Amino acid sequence: MDTMDFIIGKYNYWVYIVLMMIGFYAMIAKNNFAKKLVGMNIFQTAIILFFISTSSKTGGATIPIIQAGMDKAHQYINPLPHVLMLTAIVVMVSTFGVALAVLIMIYRRYKTLEEDEIMAILKMEKQI
Amino acid sequence: MNEQASILIIAIPLLVSVLNIPIGLLKRSLCYPLTVFTTLSCVYLSFVIADTVINTGNISYHVGGWEPPWGIEVAIDHLNAYMLVIISFVSFVVSIYAKNSIEKELLPDRIIYFYTIYLLLVTGLLGILVTGDLFNLFVFLEIASLAGYALVAIGEDKAPLATFNYIIMGTIGACFYLLGVGYLYIVTGTLNIADLTRLLPALYHSKVVLAAFAFFVVGVAIKIALFPLHTWLPDAYTHAPSTVSAFVAATMTKVGAYVMIRVMFTVFEPNFTLNALPTTEILGWVASAAMIFGCIMALAQTDLKRMLAYILVAEVGYIVMGVSVGNRAGFTGSVLHILNDSFMMVSLFFVAGAIMYKEGHRNIKNLSNLHKKMPVTMGCFIIAAISMVGVPPTAGFFSKWYLIHGAINAQKWFFVAFLLLSSLMVAAAFFRIIQNIFFQPSESHTTHEEPVRDEVPCSMLLPIVVMSISLLVIGFFSGQIIDSLIQHAVPKGF
Amino acid sequence: MKFIAFFAILITGFLLIYATVDMPDWGDPNSPPNSHVSPRFIEKVIQETATPNMVTAVLADYRGYDTFGETVVIFTAGIICLMLLRRGSDG
Amino acid sequence: MVSRYENVIIETVSRLLIPAMQLFGLYVIAHGHGSPGGGFQGGCILAASFILMVIAYDIKEAKSRMSENLNTILCCAGVFIYGGIGLLCVILGGNFLDYSVLHKVLPVDPVKARYMGIFGVEIGVGIAVMAVMVSIFLNIASGGEHEGAMK
């Protein structure tokens with residue numbers, strides 16, 4: 001029964017670990033650059049989920065906006081991870097935008113986004 | 001003024017970089033002097049900060065007026081002050097060098113944006129150095145990384161491809177770092193470095209803290225291109241514009257090494273890092289592998305910039321080695337090597353950029369008789385090269401001496417052997433180039449004519465000369481640098 | 001490549017699961033993040049900043065420097081896209 | 001590439017929607033103190049209204065409303081407002097971003113000055129986020145061709 005409690009009590013962590021591994025695998029192993037970027041997005045989203053899940057409080061805690069007559073710490077969820085993740089989301093969007101711009105540059109040059117095709121093109125150019 | 005200097009060193013380059021665009025749209029030629037003056041003011045502010053730290057002790061500046069665990073603290077001790085001086089001085093010299101070099105290598109439309117992003121990169125690096133908050137460090141790390149990606153991407157034909165690998169690897173590194181921050185946050189509830197130092201010792205048995213340490217080290221190791229994770233570095237630094245290669249090679253990995261030292265010895269205690277974990281063994285052997293591998297690959301290259309990039313991989317190995325042996329001499333050597341290596345890298349990449357500027361290529365095999373065409377540049381190249389090898393009067397000797405001393409004190413005889421071996425291989429790599437320049441007869445058609453003297457423009461030559469002379473000056477004053485700054489930066493317990 | 005990737009993921013996943021053992025349960029009101037720094041944000045936010053939305057107050061005031069950095073990050077990204085994608089008048 | 005489709009329904013609906021979206025974006029920025037919202041969210045909504053305009057009409061039409069240079073200047077202005085407020089605090093004798101010293105120039109007490117300071121930086125963030133989102137979208141969607149060359 002302890003194992004069950006352990007697994008259920010920490011289910012948020014299992015979710016983010018699985019998501020993160022999917023993203024990580026796509027980032028390293030996929031052949032297509034666009035798919036690598038999608039993997040990067042999943043990877044970062046998993047970290048955001050992890051942070052946000054640390055802010056939750058059971059026992060009737062509500063969103064972090066002060067309401068009349070309620071001013072105790074246990075009545076609101078923790079605002080700090082939300083703040084950090086707002087920042088991290090913006091960082092993630094920025095990285096994604098820059099990576100897309102670089103992808104467009106690559107596509108203009110090689111007319112493909114498949115890694116092995118680009119390598120073949122480069123090999124051919126070297127021989128000429 | 002003095003107490004605000006620690007924030008102005010971030011705010012000034014940042015606001016100028018923002019102003020650069022409207023000003024550049026009005027008159028493009030104003031961007032360059034503006035950038036030079038801004039970096040010059042950073043140098044001034046960094047000296048003010050270093051002076052304050054040496055004379056009155058550590059600075060703790062509360063941004064927004066909130067005291068540390070709640071607000072963000074700007075915390076500066078001797079190590080930060082030392083790094084600040086290095087980075088701002090290098091950025092100043094590189095910004096002087098930039099003008100002619102990028103006008104030759106970049107599309108004219110991009111020049112305004114180049115200066116803007118260059119200043120943002122400087123801001124990001126300085127921001128990493130001054131902050132006392134782990135999450136804030138991540139934010140500035142991302143500013144620096146994004147600016148670095150962009151500056152690499154505007155290089156040669158193959159640069160975008162190299163940049164994409166750099167982005168993927170860099171993002172993995174940054175995410176691992178962020179995950180480490182999250183793990184420390186979930187067991188302590190704080191992000192402030194000083195507060196973490198206070199809270200963590202009670203939690204060293206926790207598996208979360210161990211995992212956080214592992215993620216920090218791996219994440220930062222990707223950022224500083226430590227050996228098995230270095231794959232993005234040679235491509236990216238070879239294909240970037242020469243100015244960018246010089247700046248990025250000299251600063252990004254050094255700031256990464258600073259983050260590593262901060263995490264290993266300030267956030268965690270040296271006792272935990274070195275005794276409770278096999279850090280010395282793992283990092284030491286990885287660093288040895290990096291030194292040998294970097295030198296072997298450097299010997300195999302024909303492209304000058306690519307060779308320098310592989311030597312940079314080896315140099316990162318030196319720095320990590322000094323940190324990992326875990327004693328006073330090793331740490332001193334490591335921190336001193338950060339200074340020496342960034343100056344040596346700047347001068348060598350400057351010379352590579354100068355050769356690119358005049359010759360249009362940088363193939364090691366076709367450099368013959370360059371000493372007649374560019375005597376001053378080649379003289380500076382030789383000074384930088386012998387400093388890289390570690391010949392006594394130059395700066396490189398002193399840091400290597402301390403590193404070897406540290407390895408001997410730690411009784412790691414293999415590490416001593418690897419340090420000496422890789423120095424020999426660096427020497428071989430550079431003497432190959434020097435031989436090509438001086439003693440190889442030119443096989444081109446102009447064998448009978450004496451080559452005419454043809455130096456690069458003054459704005460490029462001056463930084464090269466300044467950097468190589470400063471290598472001799474640092475060598476001369478390294479005792480004083482250690483006395484006034486580095487010895488105070490050595491963590492307690494060494 | 002696939003094999004190396006799979007290996008890296010196995011190691012990372014193992015490390016993550018290994019660390020999870022010592023983490024606080026989901027929604028634990030007494031976990032360190034919920035009890036060390038954040039209570040002050042909740043309890044004093046009105047009296048210190050007169051702002052009912054704690055996230056805004058922490059974002060722009062207590063940790064305003066972070067948000068400053070974040071604005072700079074997105075500014076950087078915008079400028080980078082401009083610089084990289086603009087084709088020169090000759091291209 | 002975004003090309004123009006003549007479609008009465010899409011054009012009419014977006015013509016009705018865009019002002020409402022922009023008004024809502026401004027509301028989200030301005031009311032970030034008391035309800036979920038703030039500079040980033042509001043800026044993104046404002047940017048979405050421009051992106052809707054590009055999708056419903058075309059890039060040329062959107063550009064005639066907001067030229068590329070204006071957009072770039074707005075990016076800078078947003079960051080500059082934020083940094084300028086921070087520097088203003090330094091000039092007034094406080095620490096960087098310590099809004100409570102703004103009570104010297106605003107007719108409010110220090111705590112309320114923090115409220116006003118937060119509002120000021122949220123406006124800066126909103127402008128910057130809107131301009132950058134529009135700029136990234138336009139650049140990526142058009143492949144970065146020069147002004148006038150876009151279809």
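The structure displayed is predicted, hence computed values, not measured ones. Note on naming: letters A, B, ... go to the chains in the order of the sequence lines (proteins, then strands), and numbering restarts at 1 for each one.
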Under a 4.5 Å heavy-atom cut-off, does chain B meet the side chain of C:Thr76, its backbone, both or neither? both
Give, as side chain, backbone, both or neither, the part of B:Thr188 having an atom under 4.5 angstrom from any heavy atom of chain C. backbone
Proximal component of B:Asn192, with respect to chain C [non-hydrogen, under 4.5 Å]: neither
Part of B:Tyr149 lying under 4.5 Å from any heavy atom of chain C: neither
Chain C interface, residue from B:Thr116, B:Ile21, B:Asp133 that has the most non-hydrogen pairs under 4.5 Å: B:Asp133
Please verify the inter-ring angle class for B:Tyr32 with B:Tyr115; under 30° counts as parallel, over 60° as perpendicular, anything in between as tilted. tilted
Can you tell me if B:Tyr118 uses its side chain to pair, donor with acceptor, with the backbone of B:Ser91 under 3.5 Å? yes
Examine whether an atom of B:Ile186 lies under 4.5 Å from a heavy atom of chain C, and if so say whether it belongs to the side chain, the backbone or both; otherwise answer neither. both
Using heavy-atom distances under 4.5 Å, tell me whether C:Phe75 contacts chain B through its side chain, its backbone, both, or neither. side chain
Heavy atoms only: give me the nearest C:Pro52-C:Ala50 pair and the separation to one decimal. CD-O, 3.9 Å
Can you tell if the side chain of C:Asp61 reaches within under 4.5 Å of the side chain of C:Glu48, non-hydrogen atoms only? no
Looking at B:Tyr113, B:Trp66, B:Tyr183, which has the largest count of heavy-atom pairs under 4.5 Å with chain C? B:Trp66
I'd like to know which of B:Phe114, B:Phe176, B:Phe138, B:Phe215 tops the heavy-atom pair count under 4.5 Å against chain C. B:Phe215
Which of B:Ile143, B:Ile117, B:Val139 touches chain C most, by non-hydrogen pairs under 4.5 Å: B:Ile143
Checking heavy atoms, do the side chain of B:Trp70, its backbone, both or neither come under 4.5 Å from chain C? both
Can you spot which of C:Ile9, C:Ile4, C:Ile11 makes a side-chain contact (heavy atoms from CB on, under 4.5 Å) with C:Phe7? C:Ile11
Interchain contact, B:Tyr185 with chain C, by part (heavy-atom threshold 4.5 Å): both
Could you tell me how the ring of B:Phe268 sits relative to the ring of B:Phe272: parallel (under 30°), tilted (30 to 60°) or perpendicular (over 60°)? parallel
Under 4.5 Å to a heavy atom of chain C? For B:Leu121 that would be neither
Any sub-3.5 Å donor-acceptor pair from B:Asn80's side-chain atoms to B:Ala75's backbone N or O? yes
Which atoms of B:Ile112 are under 4.5 Å from chain C, going by heavy atoms: the side chain, the backbone, both sets, or neither? neither
Contacting region of B:Glu73 [heavy-atom separation from chain C under 4.5 Å]: neither
Mark yes or no for whether B:Thr35, through its side chain, and B:Cys31, through its backbone, hold a donor-acceptor pair below 3.5 Å. yes
Do you see a donor-acceptor pair shorter than 3.5 Å between the side chains of C:Asp28 and C:Ser31? no
Distance-only, no hydrogens or angles: does the C:Asp22 side chain make a donor-acceptor pair with backbone N or O of B:Ser206 under 3.5 Å? no
Pick one of side chain, backbone, both or neither for B:Val18, based on which atoms fall under 4.5 Å of a heavy atom in chain C. both
Pick one of side chain, backbone, both or neither for B:Leu146, based on which atoms fall under 4.5 Å of a heavy atom in chain C. both
Side chain to side chain, C:Met54 and C:Ser38, heavy atoms closer than 4.5 Å: no
Among C:Leu82, C:Ile79, C:Asn34, C:Val58, single out the residue with the greatest number of heavy-atom pairs under 4.5 Å to chain B. C:Ile79
